[in-house]
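Sequence lines set the chain letters: A, B, ... in the order given, protein chains first and strands last, and positions in each chain run from 1. Model, not experiment: these values are computed from the prediction.
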2 protein chains.
Amino acid sequence: MSMETEWVDRFPGLSRLEEPVKQLLLTRSTVINVPGGTTIFGPGNSPENMLFLLDGTVRVQQVSDTGHEIVLYRIHAGQSCVLTTACLLAYENYSAEGITETAVQAAAVPRDVFDDLVAKSKSFRNFVFAAFSKRITDLFLMIDEVAFQRLDVRLADKLIELAADKDTIATTHQKLSVELGTAREVISRQLQEFQRRGWIEQSRGSVTLLDRTQLARLADHNS
Amino acid sequence: MSMETEWVDRFPGLSRLEEPVKQLLLTRSTVINVPGGTTIFGPGNSPENMLFLLDGTVRVQQVSDTGHEIVLYRIHAGQSCVLTTACLLAYENYSAEGITETAVQAAAVPRDVFDDLVAKSKSFRNFVFAAFSKRITDLFLMIDEVAFQRLDVRLADKLIELAADKDTIATTHQKLSVELGTAREVISRQLQEFQRRGWIEQSRGSVTLLDRTQLARLADHNS
DNA sequence: CGCGCCTTGGTGACAATGTCACCGACGTGC
DNA sequence: GCACGTCGGTGACATTGTCACCAAGGCGCG
């Protein structure tokens, strides 16, 4: 019970909203649970609700008409799908899709409630615009990286990001190539080079970081 | 006089707003004129107003910390700087800058008026969110192009875009390389190849399209 | 178990693109 | 005329992308 009545307070960006706004969010939203590996939205599959992620992560990626894939960004617990949903509402024909990477718990807010909140609460407006701004500046950074950053630097950076607090990443060369928008062979060669230097260890379907310091040094060098 | 009182009606996205909203926009905004080549916003230079472009174009580009530059998008007459301005307000430390490519006439709307309009008018909200969505989907497309599209295809596409209705483009290889986020030498080689095929003609500081059909065929082939 | 079949990763050859160093041609200001 | 900066050309080389193909591991199924 307390789960459904207090999720707003556990949401970093929303906890400072006015009390009536919180109540509106709580009473008019539905908490949903989605298993991992589900496609939440994608081409021809627009969601009718705005989602606020309470737990889990959603991966947003894009399939090019050339058949290539690239991961655009991730939505973590405490963030909202506002922009993606808004995009879908405005432009049907875009190719990005959102996939749950883990089991996800989210609060679904209907479109009209969202519009109502934007109209009535200045702090909610700030929250929404801040989310948009953050996303756009992140996309700017991503364009810069894809266009100008060396691949070894980007891979080292991505390995550290994916490892988080663990030392072993359960992933394949293929998945890593989608993360960076490159080819599987290229990832294989770079990982071999990292392994040759003793920075990582590989086995089928997993990469283990041995020397995080050196990886970080490479990643930060030109970032 | 009629210029200052009717710009809202000449603005495609705003002409269908409610009458009171239009009045608010007109009375609380200032029409400004800026010469070409001016940096409207950039690092450490946040504008305090939202701009609605009445005439001219603004080029938004980014300087990487590696020294590379890339053009992110352009704002044309009839569009607004909403998102760029919003971004600047939220995150000071980003590296994009906006430069007027021609003499520009714009309506400047103070931040509090903008906020007021978002609160009061549903159609204005739709206008703003549509602008954000369009920008984000365009950035998605750009990431796809930078990551996966061949350079000859992108260059052919860009040449056609820059030519618009004319046949001769006044630009340098250096500027074209910034448009695509690549190196000047690469542009030089590609243009030589296009010239060898008889598709274009070059002279110092200008490119003339001779066979737009072939260029378009290359550009559309994988787009 | 043996047998397909898919996934995962390795490899070499080659193409496309990026980087670097350097050059000459052109234009501008003095 | 001369110095200087901009513009574009060139060759050598490094990095990255593409393609074709291969071998090992895992999985289901008779």
Query raised in the report: Counting only side-chain N and O atoms of B/His68, is one of them less than 4.0 Å from OP1 or OP2 of C/dG18?
Result: no
Query raised in the report: Within the structure, does a side-chain N or O atom of A/Gln192 lie under 4.0 Å from either OP1 or OP2 of C/dG9?
Result: no
Report the distance from atom [atom1] of [X] to atom [atom2] of [N], rounded to the nearest whole Å.
X: A/Ile200; N: C/dG9; atom1: CD1; atom2: P; result: 11 Å
X: A/Glu193; N: C/dG9; atom1: CD; atom2: C1'; result: 17 Å
X: B/Ile70; N: C/dT17; atom1: CD1; atom2: C1'; result: 14 Å
X: A/Leu176; N: C/dG10; atom1: CG; atom2: P; result: 12 Å
X: B/Gln202; N: C/dA25; atom1: CD; atom2: C1'; result: 15 Å
X: B/Arg184; N: C/dA21; atom1: CZ; atom2: P; result: 14 Å
X: A/Leu191; N: C/dG10; atom1: CG; atom2: C1'; result: 12 Å
X: B/Arg154; N: C/dT17; atom1: CZ; atom2: P; result: 10 Å

Query raised in the report: How are the rings of A/Tyr73 and B/Phe140 set relative to one another: parallel (under 30°), tilted (30 to 60°) or perpendicular (over 60°)?
Result: tilted
Report summary line: Picking from C/dG10, C/dG18, C/dT8, the nucleotide nearest the side-chain atoms of A/Thr172 would be C/dT8
Query raised in the report: Side chains of B/Ser177 and B/Thr182: is there a donor and an acceptor less than 3.5 Å apart?
Result: no
Query raised in the report: Should A/Ile143 and B/Met142 count as side-chain neighbours, where that means a heavy-atom distance under 4.5 Å?
Result: yes
**Report entry** B/Leu218 CG to B/Asp152 CG distance, which is reported to the nearest 0.5 Å
**Finding:** 5.0 Å
Query raised in the report: Can you tell me how far the CZ atom of A/Arg74 sits from the CZ atom of A/Arg59, to the nearest 0.5 Å?
Result: 6.5 Å
Query raised in the report: For DNA chain D, which nucleotides open and close the run of contacts to chain A, 5' to 3', at under 4.0 angstrom from a non-hydrogen atom?
Result: D/dT15 to D/dG25
Query raised in the report: Does the pair A/Leu180 and A/Val146 meet the rule for a side chain to side chain contact (heavy atoms under 4.5 Å, CB included), with working shown?
Result: CA-CA 8 Å; A/Leu180 301 181; A/Val146 171; over 6 Å; no
Query raised in the report: Can you find a donor-acceptor N/O pair under 3.5 angstrom joining the side chain of A/Arg189 to the base of C/dT11?
Result: no
Report task. Name the nucleic acid region contacted by A/Gln190, choosing base, sugar-phosphate or nothing; use a 4.0 angstrom heavy-atom cut-off, strictly under. Result -> sugar-phosphate
Report task. With salt bridge (Lys or Arg N to Asp or Glu O under 4.0 Å) as the test, would you mind laying out the steps for A/Arg197 and A/Asp211 before giving the verdict? Result -> CA-CA 9 Å; A/Arg197 297 183 195 171; A/Asp211 192 339; over 6 Å; no
Report task. On DNA chain C, check which nucleotide each of A/Arg204 and A/Ala147 is closest to and give me the residue with the more 5' one. Result -> A/Arg204
